[in-house]
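Read the structure below first, then the notes.
Numbers restart at 1 for each chain; the letters A, B, ... are given by sequence-line order, proteins then strands.
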Protein chains: 2
Amino acid sequence: MTDSSCSNESLILYKMNCLNKQISSKFESCMGISQSRHDILYQLYQVDEMSQTALQKEVKIDGAAITRHLKQLEALGMIVRRKDPDDNRFTLVSLSAHGREQIIASQAEKARFVTSMLKDFNEKERKELTDMLIRIQQNISEV
Amino acid sequence: MTDSSCSNESLILYKMNCLNKQISSKFESCMGISQSRHDILYQLYQVDEMSQTALQKEVKIDGAAITRHLKQLEALGMIVRRKDPDDNRFTLVSLSAHGREQIIASQAEKARFVTSMLKDFNEKERKELTDMLIRIQQNISEV
DNA sequence: GGTCAATGATTGATGCATCAATTAATATAC
DNA sequence: GTATATTAATTGATGCATCAATCATTGACC
């Protein structure tokens, strides 16, 4: 492997990190909530109710952070938590009516955001990018 | 824009965020230091000496974090800081001999990491990915 | 030379992710 | 039935990024 090739790979690593910080920042400016919080709410939007553990697995955020986010969202009246009657260890989470309205209302803004982010990417390129991201994820999971 | 197209764009957003978390975590496991800290040290490795402000601009990390990282690195004997004799506002930073040895020694491990991360990506694909990342960055900067 | 504006570095406050430890509940083994 | 192992959620500690505020220094202007 030549130096230029190594540098290009390192550059990819650097750019991904850097880009992600920019995306996060811009996302929060546009949406008014962080990416993680949006991911949590969006996941809840897609189901009627789910356990905290399942949620944590879906959005890939550590349980401690999940607990803290949910606590705040509950205080804001965005979600409702209750014990699972079949197993008291589980806490079931769902969007409140208010929370559901909010997440629905935010979808247009989000669509605008991602459309801007991928401006000038045709369908083929979007497919390729997705494919690459999946492959990298696979590679990383094997490190 | 159809729903499936919107979903795919959102999926790209989600995957990038998620992937970045995984990369960061694995990077730190493999290298023993965080990506940000490595970026700082690597940038210093490429120059003889530079100001904190220049460093902050190069690695795109906020000044407060730069100060804190450098303070710790100085305490570890990895870097040296001194006032710029031409302008007392500036602090000049350089790698210590020890720090330089360390960063040089870490390059092999880093090369292995990025090679694994991009396993099975040929030259063309790596070029495409870089290109896409640059384009997204451009798009994001215009949001 | 004096005043005000701009700049660099630092400190404080806050948000938030991770890992470790802990408690309570359930599952498993005997 | 009892003891132990496992699991879910929470709390504590830590790392670290950002923004705001502050202080010291320099630049611009009169």
Notebook entry, point to check: Which value, rounded to the nearest 0.5 Å, describes the distance between A:Lys71 atom NZ and A:Glu74 atom CD?
Noted result: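 The distance works out to 9.5 Å.
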Next item on the list: With rounding to the nearest 0.5 Å, note down the distance linking NZ in B:Lys60 to CG in B:Leu55.
Entry: 12.0 Å
Notebook entry, point to check: Which ones in residues 47-59 of chain A lie close to DNA chain C, meaning a heavy atom under 4.0 Å from one of its atoms?
Noted result: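 Going residue by residue through residues 47-59 of chain A, none turns out to have a heavy atom under 4.0 Å of DNA chain C.
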Item checked: Closest contact, heavy atoms only, A:Asn122 versus A:Lys124 ->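 Between these two residues, the closest heavy atoms are OD1-N, 3.0 Å.
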Check: Just wondering, do B:Asn17 and A:Ile23 contact through their side chains at under 4.5 Å, heavy atoms?
Finding: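 In short, these two side chains do not touch, never coming nearer than 4.5 Å.
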Notebook entry, point to check: Going by number, which of residues 85-92 of chain B have a non-hydrogen atom under 4.0 Å from DNA chain D?
Noted result: B:Asp87, B:Asn88, B:Arg89
Notebook entry, point to check: Taking only residues at least two apart or on different chains, which pairs with a member in residues 88-97 of chain B satisfy side-chain hydrogen bond (donor to acceptor under 3.5 Å, both in side chains)?
Noted result: B:Asp87-B:Arg89
Item checked: A:His38: partners by ring-ring contact (aromatic ring centres under 6.0 Å, His included), with sequence neighbours left out -> A:Phe27, A:Tyr42
Item checked: Ion pair B:Lys127/B:Glu123, N-O distance below 4.0 Å ->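 Salt bridge absent between B:Lys127 and B:Glu123.
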Item checked: B:Tyr45 six-ring centre to B:Arg100 NZ/CZ under 6.0 Å and within 45° of normal -> no
Notebook entry, point to check: Considering residues at least two apart in sequence or located in another chain, which fulfil the side chain to side chain donor-acceptor pair (under 3.5 Å) criterion with B:Arg37?
Noted result: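 For B:Arg37, the residues satisfying side chain to side chain donor-acceptor pair (under 3.5 Å) (neighbours in sequence not counted) are B:His69, B:Gln72.
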Notebook entry, point to check: Could you run down nucleotides 12-19 of chain C 5' to 3' and tag each one B, S or - for protein heavy-atom contact under 4.0 Å?
Noted result: BB--SSBB
